[in-house]
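One structure is given here, and the rest of the page talks about it.
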There are 2 protein chains.
Amino acid sequence: MATTEVPDIVIGRLPIYLRALSLLHQEGYEFTSSQELGQRLGIGSAQIRKDLSFFGEFGKQGTGYEIKYLQDQISKILHVDRDWPVVLVGLGDLGQAIANYAGFASKRFHIEAIFDSDLVKVGQSVKGTIVQDIKNLSDVISNQKIQIAIIATPAVVAQEVADKLVECGIRAILNYAPITLTVPEDVHVQYIDPVMHLQRMTYYLI
Amino acid sequence: MATTEVPDIVIGRLPIYLRALSLLHQEGYEFTSSQELGQRLGIGSAQIRKDLSFFGEFGKQGTGYEIKYLQDQISKILHVDRDWPVVLVGLGDLGQAIANYAGFASKRFHIEAIFDSDLVKVGQSVKGTIVQDIKNLSDVISNQKIQIAIIATPAVVAQEVADKLVECGIRAILNYAPITLTVPEDVHVQYIDPVMHLQRMTYYLI
DNA sequence: TAGATTGTTAATCGATTAACAATC
DNA sequence: TAGATTGTTAATCGATTAACAATC
């Protein structure tokens, strides 16, 4: 229970737990156990208990975990018990889809500004958010104290965009461009590349 | 070099190598080394060499790897040296975006059929592919011998859809619905959930 | 109380890394 | 040849799991 630097792989599982708890809650359950949770997620019950033990004691012997309480606790741990403003860079087909995706706002991630280098797109409005020239990037990020960016540009300009974002003070990047980004080690990057997931599965086919 | 069952985590890195090689190739390079590759990817050079050694010997001492050759070899290993037909289930906003995304076809994954339960959408055409009633699922999959499916339905019906896909013989599922699926162990599932990636990063913010 | 399930320890398992002989 | 880099071994490191006392 000491603050011994929680492994990132453990942090990576917390959102999975949160998602499962959310579902259990929706289904009307009030309590669950590490065993039930593990069953649903295909994870060992011991691992779930161990993961949670990095942060405190959230259960009761004999009865397990109160779903709503555990949800709240994990939300606090992950800092998702608040709204997060986000900037989106790139408004091609992919950027359009991201801007229109309701799933972000429903989890309290709000796209506050959209940037594109194409002046034809600048001035257009997507879901009430006006597309801005990428020249305004720095001002918007510092004025609104935004820490999170989503990159949805072509791969060729993604590194350049990332550099600019880092320079503007962005601390976390969700990158949809199919390229590994180089950033300072205090900046976090996560990748979304559906093709890579498909390529990983075809290894096992035929 | 024996066939000792390659760890899945190694398979998961091959597409990353492939992506980097592709980029190096585009940039006009002809040779690379495990060190250069590792530098770009933030991975140790020893790990890259170890990963590749599961499959054979692809480099030369002193000079490293011929990019084009290594690309071809990894492509063969992953079975992405061929076209793969794919079915898409669910044509909401997300499904629309997936159907319109050029990145799949460019890597030889072709959406051959789209299914939706909404009869209003059935008959519509997206990029030349006509939306079909989900009742035709079984026929299409068996006639075209399709092994890969993409789920882009609401979370509440995703498990039900997955069950049906498995029943029809699907062997690999790319799931965009925010829910952990339960499938037989010979069926592969990969998840795309951008919100989870964001939640993982906010842990480290403020 | 009896049954269930937690939190935690210690053992196991697996993955990463450092080092180096082989060799281009 | 001299320099560079591979493929592989062995050592290290870290993550998962089994087991169980504690306790609701």
Side-chain angles (χ1 to χ4, degrees), chain A residues 1-17 20-21 24 29-71 73-74 77 180 185 200 203, chain B residues 1-17 20-21 24 29-71 73-74 77 180 185 200 203:
Chain A
M1 217 215 74
T3 314
T4 332
E5 193 62 60
V6 183
D8 183 61
I9 198 161
V10 172
I11 304 301
R13 279 191 294 262
L14 296 185
I16 300 176
Y17 300 158
L21 289 167
L24 282 164
Y29 295 99
E30 212 173 325
F31 290 90
T32 189
S33 65
S34 58
Q35 187 161 74
E36 180 177 46
L37 219 39
Q39 192 104 62
R40 291 202 173 212
L41 297 174
I43 288 178
S45 63
Q47 180 162 86
I48 293 174
R49 294 198 302 279
K50 181 117 218 301
D51 285 352
L52 296 177
S53 77
F54 279 101
F55 306 98
E57 309 190 354
F58 306 108
K60 264 204 190 74
Q61 286 98 328
T63 52
Y65 303 92
E66 204 212 318
I67 291 169
K68 195 67 187 59
Y69 176 74
L70 187 55
Q71 252 186 299
Q73 293 303 307
I74 297 180
I77 292 165
T180 301
E185 62 170 323
R200 184 176 184 160
Y203 171 78
Chain B
M1 217 214 75
T3 315
T4 330
E5 193 63 60
V6 183
D8 184 61
I9 198 161
V10 172
I11 304 301
R13 279 191 294 263
L14 296 186
I16 300 176
Y17 300 158
L21 289 167
L24 282 163
Y29 295 100
E30 213 174 322
F31 290 90
T32 188
S33 65
S34 59
Q35 187 162 73
E36 180 178 45
L37 219 39
Q39 193 105 61
R40 290 201 174 213
L41 298 174
I43 287 178
S45 64
Q47 179 161 86
I48 293 173
R49 294 198 302 279
K50 181 118 220 300
D51 285 352
L52 295 177
S53 76
F54 280 102
F55 306 98
E57 308 191 354
F58 306 108
K60 263 204 191 73
Q61 287 98 328
T63 52
Y65 303 92
E66 204 212 319
I67 291 169
K68 194 67 188 56
Y69 176 74
L70 187 54
Q71 252 187 298
Q73 293 303 307
I74 297 180
I77 292 165
T180 301
E185 62 171 322
R200 184 175 182 160
Y203 171 77

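Here is how names work: the chains are called A, B, and so on, in the same order as the sequence lines, proteins then strands, and each is numbered from 1.
Of the residues in residues 29-41 of chain B, none lies under 4.0 Å from DNA chain C by heavy-atom distance.
Residues that satisfy the side chain to side chain donor-acceptor pair (under 3.5 Å) test with B:Gln73, not counting sequence neighbours, are absent from this structure. Applying the side chain to side chain donor-acceptor pair (under 3.5 Å) rule to B:Glu36 yields the partners B:Thr32; only residues at least two apart in sequence or on another chain are considered. Listed by chain and residue number, nothing satisfies the side chain to side chain donor-acceptor pair (under 3.5 Å) test with B:Ser33 (two or more places apart in sequence, or in another chain). For B:Glu66, the side chain to side chain contact (heavy atoms under 4.5 Å, CB included) criterion is met by B:Phe31, B:Lys68, B:Tyr69, not counting sequence neighbours.
Rounded to whole angstrom, the span from the CD atom of B:Gln47 across to the C1' atom of D:dG7 amounts to 15 Å. For the pair A:Phe58 CZ and C:dG7 P, the computed distance is 8 Å after rounding to whole Å. If you take CD of B:Glu66 and P of D:dT6, they are 14 Å apart, rounded to a whole angstrom. Distance A:Asp51 CG to D:dT16 C1': 10 Å, rounded to the nearest Å.
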Worksheet item: Under a 3.5 Å cutoff on both atom distances, Watson-Crick or G-U, what's the dot-bracket for DNA chain C ([ ] crossing, | other strand)?
Response: ..||||||||||||||||||||||
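Of the listed nucleotides (C:dG7, D:dT8, D:dT16), D:dT16 has the atom at the smallest distance from the side chain of A:Ile9. The listed nucleotides are D:dG7, C:dT6, D:dT16; the one nearest the side chain of A:Tyr65 is C:dT6.
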Protein-nucleotides 18-21 of chain D N/O pairs closer than 3.5 Å?
| from | atom 1 | to | atom 2 | distance (Å) |
| --- | --- | --- | --- | --- |
| D:dA19 | N6 | A:Arg49 | NH2 | 3.2 |

Name the atoms and distances for all side-chain donor-acceptor pairs under 3.5 Å in residues 41-49 of chain B, with sequence neighbours left out.
| from | atom 1 | to | atom 2 | distance (Å) |
| --- | --- | --- | --- | --- |
| B:Ser45 | OG | B:Arg49 | NH1 | 3.3 |
| B:Arg49 | NH1 | B:Ser34 | OG | 3.0 |

